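Heads up: the structure comes next, in structure tokens.
Owing to the predicted nature of the structure, the values given are computational and were not obtained by experimental measurement. Basis for what follows: all heavy atoms, side chains included, without hydrogens, waters or symmetry-related copies.
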Amino acid sequence: MNDADVSKQIQQMVRFIRQEAEEKANEISVSAEEEFNIEKLQLVEAEKKKIRQEYERKEKQVEVRKKIEYSMQLNASRIKVLQAQDDLVNSMKDSASKELLSVSGDKNSYKHILKNLIVQSLLRLKEPSVLLRCRKEDLNLVESVLQSAKDEYSEKAKVHSPEIIVDKIYLPPAPSRHDAHGPSCSGGVVLASRDGKIVFENTLDARLEVAFHKKLPEIRKSLFGQIAA
């Protein structure tokens with residue numbers, strides 16, 4: 001083989017090696033691009049997932065805030081409604097308290113009421129000797145019915161007539177414009193055992209308080225319906 005043939009053969013080998021190298025380089029380039037695209041797609045999907053999760057988290061926060069705000073507004077509305085209801089009920093109670101002042105105005109009727117209140121108190125205490133306290137302005141009326149009250153109690157309780165000592169410390173007077181916030185009493189009596197351990201407050205104000213609380217569910221139902229009651 002002469003030099004020309006050798007040179008030709010070498011050139012063919014060089015071309016073959018170069019072609020193989022180029023093909024290998026193309027394969028590596030294509031493979032690298034594919035891996036890059038896959039990795040890029042994975043990164044994009046991961047970021048999309050993060051964005052979706054962040055959006056869902058913020059959306060839930062917004063929903064929670066909305067629910068809290070709604071609950072607060074609802075509670076505030078309920079409190080306002082309840083307050084308005086209480087104001088109305090209390091105004092009714094105040095009106096009833098003012099009506100009590102007229103009870104002692106009718107002396108004949110009030111005298112009968114005082115006797116019944118004393119009898120009721122005696123039946124509650126069931127003591128042989130009691131202290132009685134009343135308003136100063138009611139003293140004469142109270143003294144005028146004491147005997148009949150004792151007799152009625154004795155007959156009902158089947159016991160001897162009790163001793164009733166009228167206390168010289170009086171209940172507060174009726175409410176007045178001059179002292180609207182001071183202690184007051186619309187009428188009635190307070191009886192106690194001689195040792196003071198048992199006290200029965202049977203004033204008109206106390207009876208109104210008891211009656212009012214007893215009837216409060218019915219009052220609320222009548223004014224505001226079944227739910228409010």
I need the minimum non-hydrogen distance between [X] and [Y], along with the two atoms involved.
X	Y	answer
S161	K150	OG-CB, 3.4 Å
D205	G187	OD2-N, 4.2 Å
S193	L131	O-CD1, 4.4 Å
C185	P172	CB-O, 3.2 Å
Y110	V103	CB-O, 3.5 Å

Which residues pass the side chain to side chain contact (heavy atoms under 4.5 Å, CB included) test with K50, not counting sequence neighbours?
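Once residues adjacent in sequence are excluded, the partners of K50 under the side chain to side chain contact (heavy atoms under 4.5 Å, CB included) criterion are E47.
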
Side chain to side chain contact (heavy atoms under 4.5 Å, CB included) involving L101 - partner list, sequence neighbours excluded:
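With neighbours one apart ignored, the set is A174, P175, S186.
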
Got a list of side-chain donor-acceptor pairs under 3.5 Å for residues 12-28, not counting sequence neighbours?
unit_1 : atom_1 : unit_2 : atom_2 : d
Q19    : NE2    : E23    : OE2    : 3.4
N26    : ND2    : E22    : O      : 3.3

In terms of heavy-atom contacts, does [atom1] of [X] have more than 12 from other residues, nucleotides or ligands at under 6.0 Å?
X	atom1	value
K111	NZ	no
E163	CD	yes
E54	CD	yes
N37	CG	yes

Starting from [Y], can I reach [X] by hopping between I/L/V/M/F/W/Y residues whose side chains sit under 4.5 Å apart?
X	Y	result
L204	L132	yes
L123	L191	yes
L171	L100	no
V130	V145	yes
V199	V210	no

What is the distance from atom [atom1] of [X] to atom [atom2] of [Y], rounded to the nearest 0.5 Å?
X	Y	atom1	atom2	result
R78	Q73	CZ	CD	13.0 Å
E137	S104	CD	OG	7.5 Å
L74	K67	CG	NZ	14.5 Å
E127	D195	CD	CG	7.0 Å
L146	K115	CG	NZ	12.0 Å
C134	I169	SG	CD1	12.5 Å

Give the C-alpha distance, both sets of side-chain angles, the deciding distance and a yes or no for side chain to side chain contact (heavy atoms under 4.5 Å, CB included) between L139 and Y170.
CA-CA 9 Å; L139 181 58; Y170 300 104; 3.5 Å; yes

Steps toward side chain to side chain contact (heavy atoms under 4.5 Å, CB included) verdict (I164, I118):
CA-CA 10 Å; I164 300 179; I118 294 170; 4.3 Å; yes

Chi angles and distances behind the side chain to side chain contact (heavy atoms under 4.5 Å, CB included) call for V159, Y153
CA-CA 8 Å; V159 295; Y153 164 72; 3.6 Å; yes

Is D151 close to E155 at the side-chain level, that is, under 4.5 Å between some pair of heavy atoms?
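The answer is no, as the side chains (C-beta and beyond) never meet within the 4.5 Å cut-off.
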
Applying salt bridge (Lys or Arg N to Asp or Glu O under 4.0 Å), run through E152 and K156 and close with a yes or a no.
CA-CA 6 Å; E152 185 174 332; K156 287 184 175 180; 3.1 Å; yes

Side chain N202, main chain L117, donor-acceptor under 3.5 Å:
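Flag set: sc N202 to bb L117 pair under 3.5 Å.
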
Check whether the side chains of N116 and Q120 place a donor and an acceptor atom closer than 3.5 Å, and report yes or no.
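Distance-only check fails for N116 and Q120.
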
